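Structure, as structure tokens:
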Amino acid sequence: MNSSRPTHLSRRLFLGSSAVAAAALYVPGAFAEELVKTPAQTEGPFYPDKLPLDTDNDLLVINDELTPAVGEITYLSGKILDRDGKPIRNAAVEIWQCDNGGAYLHSRTGNAEKADKNFQGFGRFITGSSGEYLFRTIKPVPYPGRAPHVHFKIKLKGKDVLTTQCYIKGHPGNERDGIWRNLRDEKIRDAVTVDFAPLRGSKIGELAATFDLVLGVTPEA
Ligand SMILES: [Fe+2]
């Protein structure tokens with residue numbers, strides 16, 4: 001693992017993202033009664049069977065490579081909240097997703113021959129006291145049988161507390177996706193289906209998506 005760079009990069013990404021600035025307006029606990037617990041979703045078969053050497057929150061660039069990954073650049077951010085809406089610090093947020101050609105960072109992935117060697121495929125972020133996380137990644141793409149999605153796993157003190165998936169609001173593939181459709185309640189579907197919208201002020205067409213995760217955990221005393 002590289003030592004000082006991830007922190008530095010995280011900070012830079014944080015300062016550079018208006019998505020996070022907007023998320024900061026959220027008042028913890030203000031809408032506690034309306035909070036919907038984020039539903040668990042299957043981990044699927046493609047959690048990396050070998051973690052990449054670089055596991056920071058920028059999935060577009062591996063270590064110091066100059067060539068970025070192919071795809072629609074997306075700042076994916078949000079908060080990790082307890083069921084009262086209070087931010088959870090020291091939560092390990094892990095994401096993984098296929099590259100723009102549909103290949104996962106996994107030895108048994110489909111589309112392996114088209115794999116984008118510059119896409120990190122997996123990233124990790126440890127929340128601070130605001131509970132916020134941020135990744136720079138690509139807008140997820142569909143692959144046979146699945147609507148576009150980003151996999152999430154949240155760990156507290158090294159223990160898995162939630163594994164789920166995040167979907168694109170309005171994507172026609174959602175209605176055909178058995179795993180998404182399995183979420184029967186519209187509110188629960190909405191809890192994992194978010195806008196991927198143009199990032200304000202971006203001159204290169206970057207996107208921003210906000211996905212808050214509400215854990216079923218008891219608030220810390
Ligand atoms: Fe998947």
Side-chain angles (χ1 to χ4, degrees), residues 37-62 68-78 80 91-125 133-155 160-185 188-196 207-215:
K37 201 178 112 183
T38 306
Q41 292 252 276
T42 176
E43 178 171 309
F46 298 123
Y47 185 91
D49 51 356
K50 188 167 175 253
L51 288 181
L53 291 175
D54 185 3
T55 59
D56 73 0
N57 67 333
D58 184 5
L59 281 71
L60 294 185
V61 175
I62 298 177
V70 174
E72 288 188 76
I73 301 172
T74 300
Y75 288 87
L76 175 58
S77 65
I80 309 301
V93 182
E94 295 181 344
I95 66 167
W96 68 103
Q97 66 184 101
C98 65
D99 65 27
N100 209 52
Y104 275 95
L105 195 68
H106 195 285
S107 54
R108 292 194 308 275
T109 185
N111 304 307
E113 69 289 348
K114 295 190 287 185
D116 180 356
K117 300 274 180 287
N118 298 307
F119 185 55
Q120 195 171 293
F122 172 94
R124 198 181 267 148
F125 192 96
Y133 70 84
L134 172 68
F135 294 98
R136 188 171 74 139
T137 186
I138 61 170
K139 183 182 181 185
V141 299
Y143 55 86
R146 289 306 316 274
H149 59 279
V150 178
H151 294 267
F152 274 75
K153 189 186 279 295
I154 314 299
K155 295 176 181 174
D160 289 12
V161 289
L162 178 67
T163 302
T164 191
Q165 303 181 27
C166 171
Y167 300 84
I168 301 170
K169 188 174 276 178
H171 195 282
N174 294 340
E175 299 286 346
R176 297 190 296 268
D177 185 294
I179 298 174
W180 186 84
R181 276 210 319 256
N182 241 348
L183 302 166
R184 299 286 171 192
D185 186 286
I188 294 185
R189 286 180 176 177
D190 285 350
V192 292
T193 311
V194 305
D195 262 329
F196 281 68
L207 305 173
T210 306
F211 178 41
D212 292 335
L213 293 93
V214 180
L215 308 186

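Atoms within each ligand, like the ligands themselves, are counted from 1 in listed order. Worth saying up front: this structure is predicted, and the values here are computed from it rather than measured.
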Exercise for the section: Name the orientation class of the two ring planes belonging to His149 and His151 (parallel below 30°, tilted from 30 to 60°, perpendicular beyond 60°). Expected result: perpendicular
Completion exercise
Phe122 meets the ring pair (Phe, Tyr, Trp, His ring centres under 6.0 Å) criterion, sequence neighbours left out, with Tyr47
Handout entry: Rounded distance (nearest 0.5 Å) linking atom CD1 of Ile138 with atom CZ of Phe119
Key = 4.0 Å
Exercise for the section: Answer yes or no: are there more than 12 heavy-atom neighbours, outside Lys153 itself, under 6.0 Å from its atom NZ? Expected result: yes
Handout entry: Selection residues 106-117 - residue pairs positive for salt bridge (Lys or Arg N to Asp or Glu O under 4.0 Å), sequence neighbours left out
Key = none
Handout entry: Tally, protein N/O/S atoms nearer to the Fe ion (ligand 1) than 2.8 Å
Key = 4
Problem - Gln165: partners by side chain to side chain donor-acceptor pair (under 3.5 Å), with sequence neighbours left out - result: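 For Gln165, the residues satisfying side chain to side chain donor-acceptor pair (under 3.5 Å) (neighbours in sequence not counted) are Arg146, Tyr167.
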